[in-house]
Amino acid sequence: MTVAAAKPRIHSEPIVGPSVWGASNFSSEEELRIPTPPHVVRELLDAIAQNGNRPFLEVTANTFHLPRTAAMMARVRDELWNGRGFVITTGLPVEGLSVEQMELCYWLLGLQMGKPVSQSAAGERIAHVKDRTQPGQQQAARGYTSRRELPLHTDQGDYMGLFCVNAAKSGGLSLASSVHAVFNTILERRPDLLEPLFRGFPYHRKNEQPDDQPAITPFDVPVLGYVDDRLAGRYVRASMNVAYDAMGKEWAPKDREALDMFDDVSWDDEHLIKFQLRRGEIYWANNWLTLHSRTEFEDYEEPEKKRLYLRMWLQRENPRSRVPAEMCNWQNPSGDLGIDAKPGGKPADAEFLRTFKQRTL
């Protein structure tokens with residue numbers, strides 16, 4: 001797909017509504033949480049029992065009749081799309097279940113949200129977020145395979161979900177910041193820096209792109225743009241840095257200043273919220289409205305205790321009819337969001353690792 005360059009449409013009015021929030025809007029972590037009702041838990045446990053050993057990838061939205069689960073997830077969906085843009089669901093069954101059974105439970109919830117899409121060239125629909133670094137090896141470029149701190153970013157689906165199976169021994173704190181609140185602050189303080197953010201920058205796809213496409217996007221990916229005619233964010237600064245390094249290109253001072261301000265504002269105590277996921281909790285977020293990250297963590301030595309989250313990327317309706325092509329930095333042959341699988345594909349390795357600290361907590 002060819003993406004034509006066009007003069008960016010720059011939003012010039014403050015955003016209002018529930019998607020504009022900061023740390024002062026929440027007096028405790030419990031305000032972020034929605035409990036899973038007991039009748040939903042029973043419905044999911046019954047489905048797990050009926051499913052047997054069938055792989056979750058063979059289960060569809062029509063395999064089981066889950067009216068109560070559907071009603072709960074409709075509430076979650078509404079909060080993500082029309083509300084603040086993120087929520088934590090609590091109380092899912094984990095004790096006594098295998099990881100495979102937890103994957104099925106999570107998959108059933110995700111199917112109520114949309115279509116799970118591939119998260120890497122390896123084709124992961126449920127990715128295991130854990131430190132895969134071997135002793136003496138450098139951590140890989142994809143943050144979900146490492147233990148390092150991650151800068152605030154968005155993922156490649158409409159929605160992101162993180163299911164806590166095991167928390168870390170220490171650290172691994174989840175962080176979130178509102179795209180709309182960050183925009184409002186930049187609009188108020190430095191409106192002259194909005195043009196580079198709406199224009200965007202090339203991304204390096206770190207060899208996970210289709211084999212007939214270049215590693216660097218032949219178009220600029222906006223940091224701020226429009227999805228369904230609403231202001232939306234798409235942000236992975238490390239991928240921009242890798243692209244500029246590969247091109248041997250220097251950052252224009254105003255472009256760097258705009259990205260630095262986006263980082264500083266999103267990481268500021270005024271905007272950033274922090275919380276610790278507990279076993280059986282899922283952090284759901286709208287990727288267009290919510291920046292997310294985590295702090296570095298220390299893991300347990302025992303394999304059965306090691307930090308493990310399950311991650312899904314989900315899309316709503318057909319993205320080609322509602323998401324501008326330039327905000328799909330992977331031009332997937334499938335037409336889906338995410339990263340299409342390809343033969344021999346794998347998550348990006350250490351060659352593409354770029355780390356930087358936005359702000360010390």
Side-chain angles (χ1 to χ4, degrees), residues 3-17 19-25 85 150-155 175-204 216-273 286-293 323-329 354-361:
V3 180
K7 185 176 180 180
R9 169 189 166 195
I10 299 175
H11 198 83
S12 58
E13 296 293 330
I15 304 293
V16 296
S19 62
V20 180
W21 47 263
S24 64
N25 293 102
L150 302 182
L152 286 164
H153 64 283
T154 62
D155 289 335
L175 312 173
S177 197
S178 160
V179 168
H180 285 173
V182 170
F183 164 80
N184 282 352
T185 299
I186 297 174
L187 177 66
E188 177 186 0
R189 297 178 187 172
R190 290 293 305 275
D192 60 301
L193 296 180
L194 289 173
E195 188 279 332
L197 299 176
F198 279 88
R199 169 175 33 90
F201 307 95
Y203 270 56
H204 201 296
I216 299 172
T217 58
F219 54 89
D220 291 333
V221 180
V223 174
L224 295 170
Y226 296 88
V227 172
D228 291 352
D229 205 38
R230 180 169 62 167
L231 185 68
R234 169 66 75 225
Y235 194 67
V236 185
R237 187 165 182 180
S239 294
M240 303 178 224
N241 289 341
V242 176
Y244 269 58
D245 288 351
M247 294 185 292
K249 189 175 179 181
E250 293 293 326
W251 287 95
K254 190 169 184 178
D255 290 350
R256 183 185 291 276
E257 187 178 12
L259 292 174
D260 285 347
M261 183 161 194
F262 191 88
D263 282 335
D264 288 344
V265 171
S266 62
W267 200 256
D268 191 275
D269 286 341
E270 176 186 351
H271 295 94
L272 192 70
I273 65 168
N286 181 327
N287 269 313
W288 305 112
L289 301 182
T290 309
L291 298 153
H292 67 276
S293 69
V323 180
E326 66 272 15
M327 295 192 80
C328 299
N329 35 319
R354 301 292 187 279
T355 61
F356 58 94
K357 293 268 187 184
Q358 289 174 299
R359 185 84 59 88
T360 301
L361 289 174

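- Interatomic distance, Leu231 CG to Ile10 CD1, rounded to the nearest 0.5 Å: 11.5 Å.
- The ring-ring contact (aromatic ring centres under 6.0 Å, His included) search around Phe183 returns His11, not counting sequence neighbours.
- Interatomic distance, Leu175 CG to His153 NE2, rounded to the nearest 0.5 Å: 10.5 Å.
- Side chain of Lys7 to main chain of Arg199: no donor-acceptor pair is present (N/O by atom type, distance under 3.5 Å, no hydrogens or angles).
- Annotation for Pro222 and Glu326: closest pair CD-O, 3.5 Å, computed over non-hydrogen atoms.
- Salt-bridge annotation for Arg230 and Asp228: absent, with no side-chain N of the basic residue lying under 4.0 Å from a carboxylate O of the acidic one.
- Using a 4.0 Å cut-off between a side-chain N of Lys or Arg and a carboxylate O of Asp or Glu, Asp260 and Arg237 qualify as a salt bridge.
- In this structure, Arg234 contributes its side chain and Asp155 its backbone to a donor-acceptor pair below 3.5 Å.
- Checking Asn287, Asp263, Thr154 one by one against Tyr235, the side-chain hydrogen bond (donor to acceptor under 3.5 Å, both in side chains) holds for a single residue, Asp263.
- Aromatic pair Tyr226/Trp288: ring centres not closer than 6.0 Å.
- Here CG of Leu224 is found 7.0 Å from CD1 of Ile186. Values are rounded to the nearest 0.5 Å.
- The existence of a salt bridge linking Glu257 and Arg190 is confirmed by a sub-4.0 Å separation between a basic side-chain nitrogen and an acidic carboxylate oxygen.
- In this structure, CZ on Phe201 lies 7.5 Å from CG on Asp220, to the nearest 0.5 angstrom.
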Next on the checklist: The test is side-chain hydrogen bond (donor to acceptor under 3.5 Å, both in side chains); show your working for Ser177 and His271 and say whether it passes.
Outcome noted: CA-CA 6 Å; Ser177 197; His271 295 94; 5.5 Å; no
Next on the checklist: Working note: Leu259 + Leu197, criterion side chain to side chain contact (heavy atoms under 4.5 Å, CB included); need CA distance, chi angles, decisive distance, verdict.
Outcome noted: CA-CA 7 Å; Leu259 292 174; Leu197 299 176; 4.1 Å; yes
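- Ion pairing of Asp264 with Arg189 is absent here, as no side-chain N (NZ or NE/NH1/NH2) approaches a carboxylate O to less than 4.0 Å.
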Item to check | side chain to side chain contact (heavy atoms under 4.5 Å, CB included) between Asp268 and Val182, intermediate numbers included | outcome: CA-CA 10 Å; Asp268 191 275; Val182 170; over 6 Å; no
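- The only member of Thr185, Leu291, Leu194, Leu152 that meets side-chain contact (heavy atoms from CB on, under 4.5 Å) when paired with Phe262 is Leu291.
- Asn329 places no side-chain N or O within donor-acceptor distance of the main-chain N or O of Tyr203, the cut-off being under 3.5 Å.
- The side-chain heavy atoms of Pro151 and Trp267, taken from C-beta on, include no pair separated by under 4.5 Å.
- Shortest non-hydrogen contact noted between Ser19 and Ser178 is O-OG, 2.6 Å.
- Using a 4.5 Å cut-off on side-chain heavy atoms (C-beta onward), Asp192 and Lys254 make contact.
- Leu193 and Ala258 make their closest contact through O-CB, 3.6 Å (heavy atoms, listed as atom of the first residue, atom of the second, distance).
- Note that the CD atom of Glu13 and the CD1 atom of Ile15 stand 9.0 Å from one another [nearest 0.5 Å].
- The nearest pair of heavy atoms linking Gly85 to Thr290 is O-OG1, 3.1 Å.
- By the 4.5 Å heavy-atom criterion applied to side chains, Val221 and Pro202 are not counted as neighbours.
- No donor-acceptor distance shorter than 3.5 angstrom exists from the side chain of Asp255 to the backbone of Ala252, with no hydrogens or angles considered.
- For the residue pair Asn241 and His204, no side-chain donor N or O sits within less than 3.5 Å of a side-chain acceptor on the partner.
- Of all the heavy atoms in Ile273 and Ala23, the pair that sits closest is CG2-CA, 3.7 Å.
- Contact between Phe219 and Ala325 at its shortest, heavy atoms only, is CE1-O, 4.2 Å.
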